[in-house]
Amino acid sequence: MFRPFALIAISVLALSACEAPGPATQVPLGSDGRPLPVVVRINPSDAPRVRQRVQDGINTMRAQNGLGPLQANAALTSAAATHAQDMSFQSRPWHWGSDGSSPMQRAQRAGYRGTFVGELISETFETEVETVNAWMIEPETRPVILDRRANEIGVGWHQDDNGKLWWTVVLGAGADPMMQIAGR
């Protein structure tokens, strides 16, 4: 008698699991059939957290490859932010400023006293985490992230009204703190 009741209960549970799901959320697709990008908005109050997430993401990649962490540098951050805004103005992601300046010149103009190591740029609708991950898998940008000489970082971005993000990260090699302590 217990056995038929157990079979009926199991059958009812199995049938209830086969119930049709509720209405599915439609993801908007572009003309190419791929999902349209989701616009991520960065508020001014988010700036410190966003910069820290970029720095932490890059430092995680460096640590996984046996390299030391990068420390934030205000001059490099200024150079990065200025170039991100300039790329938006030019409507193209590239390393040259609208005034013909190179990444090294922009770092010097911003007051950076160390050695320029490299610059990462991106034009995207992706978050900072997705952008760092994309840089890490690209053969042109991965070596910049993993450059052994780098010990300082500046992170900047500009967001257009349509949500497009223009990212710039500048890496530098500042004075070795141990050399400063030794007075060399």
Side-chain angles (χ1 to χ4, degrees), residues 37-97 101-160 163-181:
V38 175
V39 176
V40 176
R41 293 280 176 198
I42 299 176
N43 295 319
S45 63
D46 295 330
R49 284 188 302 259
V50 170
R51 279 191 190 92
Q52 191 63 54
R53 281 194 295 260
V54 171
Q55 183 177 336
D56 289 348
I58 289 175
N59 281 338
T60 297
M61 304 290 187
R62 289 176 60 83
Q64 290 171 350
N65 286 274
L67 299 171
L70 304 172
Q71 300 301 317
N73 178 281
L76 292 178
T77 298
S78 176
T82 299
H83 188 58
Q85 187 170 5
D86 191 42
M87 286 190 302
S88 170
F89 171 76
Q90 296 181 70
S91 292
R92 63 178 167 182
W94 74 327
H95 294 284
W96 302 104
S101 62
S102 70
M104 185 183 306
Q105 290 169 323
R106 289 190 299 275
Q108 289 171 342
R109 266 193 233 154
Y112 187 63
R113 303 211 186 286
T115 303
F116 172 82
V117 172
E119 181 180 73
L120 306 166
I121 59 171
S122 178
E123 168 195 17
T124 186
F125 285 93
E126 295 179 329
T127 67
E128 65 277 6
V129 173
E130 293 167 310
T131 302
V132 168
N133 288 334
W135 283 330
M136 196 56 195
I137 61 174
E138 287 297 321
E140 296 85 21
T141 52
R142 183 181 173 93
V144 176
I145 292 171
L146 300 180
D147 193 310
R148 294 183 179 283
R149 299 171 298 161
N151 62 7
E152 295 181 319
I153 186 172
V155 178
W157 68 88
H158 175 79
Q159 188 160 34
D160 291 342
K164 183 185 291 183
L165 287 158
W166 301 85
W167 294 98
T168 304
V169 170
V170 183
L171 276 62
D176 182 351
M178 296 310 290
M179 297 289 268
Q180 290 176 346
I181 292 170

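Along the sequence shown, residues are numbered consecutively beginning with 1.
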To the nearest 0.5 Å, tell me how far Gln108 CD sits from Tyr112 OH.
11.0 Å
Identify the heavy atoms of Ser101 and Arg109 that sit nearest to each other, and give their distance.
CB-NH2, 3.0 Å
State which residues pass side-chain hydrogen bond (donor to acceptor under 3.5 Å, both in side chains) with Gln52; sequence neighbours excluded, sorted by chain then number.
Asp56
Distance col, row Phe116:CZ vs Arg149:CZ, nearest 0.5 angstrom, shows 9.5 Å
Any side-chain heavy atom of Asp160 sitting closer than 4.5 Å to one from His158?
yes
On a heavy-atom basis, which atom in Pro139 and which in Pro143 lie closest, and how many Å separate them?
O-CD, 3.1 Å
Are side-chain heavy atoms of Gln159 and Arg41 found at a separation under 4.5 Å?
yes
Any non-hydrogen side-chain atom of Arg142 less than 4.5 Å from a side-chain atom of Asn65?
yes
May I ask you to say whether Arg51 pairs ionically with Glu128, meaning some side-chain N is under 4.0 Å from a carboxylate O?
no
Which value, rounded to the nearest 0.5 Å, describes the distance between Arg62 atom CZ and Leu146 atom CG?
7.0 Å
Heavy-atom distance under 4.5 Å between the side chains of Leu171 and Asp147, does that happen here?
no
Are the side chains of Met136 and Ile145 in touch, meaning some heavy atoms are under 4.5 Å apart?
yes
Do His83 and Glu119 make a side-chain contact, defined as non-hydrogen atoms from C-beta onward lying under 4.5 Å apart?
yes
Apply the test side-chain contact (heavy atoms from CB on, under 4.5 Å) to residues Met87 and Ile121: give CA-CA distance (whole Å), side-chain angles for both, the deciding distance (0.1 Å), then the verdict.
CA-CA 9 Å; Met87 286 190 302; Ile121 59 171; 3.9 Å; yes
For a quick test of your reading: what N or O donor-acceptor pairs under 3.5 Å do the side chains of residues 66-81 make, sequence neighbours left out?
| residue | atom | partner | partner atom | Å |
| --- | --- | --- | --- | --- |
| Asn73 | OD1 | Ala75 | N | 2.9 |
| Asn73 | OD1 | Leu76 | N | 2.9 |
| Thr77 | OG1 | Asn73 | O | 3.0 |

ring-ring contact (aromatic ring centres under 6.0 Å, His included) with Trp167: which residues, sequence neighbours excluded?
Trp157
Flag the pair Ser122 / Trp135 as yes when at least one side-chain heavy-atom distance between them is below 4.5 Å, and no otherwise.
yes
Any side-chain heavy-atom pair from Leu120 and Thr168 closer than 4.5 angstrom?
no
Rounded to the nearest 0.5 Å, the CZ atom of Arg106 sits from the NE2 atom of His95 at a distance of 9.0 Å
Check whether any side-chain N or O of Gln105 sits under 3.5 Å from a backbone N or O of Ser102 as a donor-acceptor pair, and report yes or no.
yes
Is a side-chain donor-acceptor pair under 3.5 Å present for Thr127 with Glu130?
yes
